[in-house]
Trainee: 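Here's a structure for you.
Just so you know, ligand 1 is whichever comes first in the structure, and atom 1 is the first atom listed for that ligand. Because the structure is a prediction, the values reported are computed rather than measured. Side chains included, hydrogens not; waters and symmetry mates left out as well; all remaining heavy atoms used.
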Amino acid sequence: MIDDIEGKMRAIPGMDVLLEKEWAVSWQKQLGRETVKGVFNGELSRMRRALLQGEDISAETLDKTLEASLKALGRRRLRPVLNATGVVVHTNLGRSCLAQEALDSVLEVARGYSNLEYNLEEGTRGHRNAHVEKILCSLTGAEAALTVNNNAGAVLLCLSALARGTEVVVSRGELVEIGGSFRIPDIMEFSGAELVETGTTNRTHLKDYAQAVTERTSMLLKVHPSNFRMEGFTAAPARSDLAALARERGVIFMEDAGSGLLIEGQALGAAFGEETDVKTCLKEGVDLVTFSGDKMLGGPQIGVIAGRKKLVDRLRGHPVLRTLRVDKMTLAAFEATLRLYMKGDYDAIPTLAMLRRTQESMKAQGARLAGKLRKVFPSTEEIQVKISVVAAEDAVGGGSCPAVALPGWGVSLETRCREGSVPWGTGRLQRMLRAREVPILCGAREDALVIHVRTLRPQDEKEILQAFSELNREVRNARKNNS
Ligand SMILES: *Cc1c(COP(=O)(O)O)cnc(C)c1O
């Protein structure tokens, strides 16, 4: 037994031999010799352990395992995917798609040097925030504005700089958790501010806030309940009443607006009428508002703090600001996106265009796509395919507007397999679509795959047709191999 294992160990080729194999040489050109050696070392010691435990590993398995590890490493990890889910601000899929103008601006700024922190008029050091502050102020009516890495960072910076060691009053109905471990009580604790809860889960009144304010209070904080909906016996005081209370007691009134709308909700459609835009928040008396750049705003990941100059100025020198500093590529994309808002060219911003799409245009696109799909993915002897245009439920996503119903259109693909053949169910099709070089992520309902058209970009249709004509070929091949 021992001799047997020793023999098998000796049969594993040495590093030099492995590195000279033809496939290994070609991977060394792509990944570098040291990387390939590192991968081989790791895999070989795993295999030796397996041998010691009595497993059998053929020379062929060894080669295949090694090559598979190289292939996995050689493949680009962060890749584009095709979003056919109808969820517009899909956090798992990178939230907003950037406008062409934003992409152009990123390329130009990233390729060479820029005046990122240089004042061209004075020939002296400048501030990176200066590039977007004026535009933000003009779009929101704020006196001053600051940008940081993301909205969670914006909230943290404000609390750390303005409320550390003091009390902050929040309604019990607004102690929210946003995905990815952003929780108001935790952020509060981390910032050194002391959370004072007021009211109840479903109802909080102005007098609750008034009673909670003490001489140690520095701030009233209002938080957008981005990702859940409260219905029934609920109440919250008007923003303007809270603002008046804050002024009377000499405390700051801050709002975490979450998504950050730069245009009136109405402009996105009747369903968004209840959503308050940033300008209105400030007009109704909020001193500081924070919001994300990559949710419904449709820009890159960034966090904005906008409001009273006196308060924003207190944030400027804070060490937390330095740790949350925004990269030049992000600033370039953000400025370009804001300029589209200035021009009023909302349809050039993909997120807004997707949210504003009409039923007619989505239905027509669904019908067109269905017609083309029927040609490339027809029923065969193995599988019966039913392709139809269906009304679909889309969503804003990104924890924005759970209350907003976003009716859309899609193409449903229902597959039924002939008895005794390889099963080609929805789950299998979905897995195959995900395994593509450009993965395609679809919605699903009982026994059907649904391609939501709202979130498709113009170039996506071609990729979808390509994918289904390849699937059709696979179905046919499977039949051949079966018979
Ligand atoms: C999304 C959201 C956040 C977190 O914003 P990021 O930009 O993802 O950091 C914070 N607060 C609210 C209310 C949100 O909706």
Trainee: Does R247 qualify as a cation-pi partner of F253, given the criterion of NZ or CZ under 6.0 Å from the six-membered ring centre and within 45 degrees of its axis?
Mentor: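 No.
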
Trainee: Will you find, in the side chains of N202 and T234, an N or O donor that is under 3.5 Å from an N or O acceptor?
Mentor: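 Distance-only check fails for N202 and T234.
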
Trainee: Please name the pair of heavy atoms, one in M432 and one in W424, separated by the smallest distance, quoted to 0.1 Å.
Mentor: SD-CZ3, 3.5 Å

Trainee: Between T166 and R216, what is the shortest heavy-atom contact and its length?
Mentor: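 Scanning both residues completely, I find the closest heavy atoms to be CB-O, 3.3 Å.
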
Trainee: For side chain to side chain contact (heavy atoms under 4.5 Å, CB included), just list the numbers for V213 and V196, CA-CA rounded to whole Å, side-chain angles, deciding distance to a tenth of an Å, and then say yes or no.
Mentor: CA-CA 9 Å; V213 175; V196 175; over 6 Å; no

Trainee: At less than 3.5 Å, what protein N or O atoms come close to the N or O atoms of ligand 1? Include the distances to 0.1 Å.
Mentor:
unit_1: ligand 1; atom_1: 5 (O); unit_2: S292; atom_2: OG; d: 3.2
unit_1: ligand 1; atom_1: 7 (O); unit_2: N151; atom_2: N; d: 3.0
unit_1: ligand 1; atom_1: 7 (O); unit_2: S292; atom_2: OG; d: 2.6
unit_1: ligand 1; atom_1: 8 (O); unit_2: R95; atom_2: NH1; d: 3.0
unit_1: ligand 1; atom_1: 8 (O); unit_2: R95; atom_2: NH2; d: 3.0
unit_1: ligand 1; atom_1: 9 (O); unit_2: N150; atom_2: ND2; d: 3.1
unit_1: ligand 1; atom_1: 9 (O); unit_2: N151; atom_2: N; d: 3.3
unit_1: ligand 1; atom_1: 9 (O); unit_2: A152; atom_2: N; d: 2.9
unit_1: ligand 1; atom_1: 11 (N); unit_2: N151; atom_2: ND2; d: 3.4
unit_1: ligand 1; atom_1: 11 (N); unit_2: D256; atom_2: OD1; d: 3.3
unit_1: ligand 1; atom_1: 11 (N); unit_2: D256; atom_2: OD2; d: 2.6
unit_1: ligand 1; atom_1: 15 (O); unit_2: S226; atom_2: OG; d: 2.5
unit_1: ligand 1; atom_1: 15 (O); unit_2: K295; atom_2: NZ; d: 2.8

Trainee: How far apart are the closest heavy atoms of T351 and C97, and which atoms are they?
Mentor: OG1-N, 4.2 Å

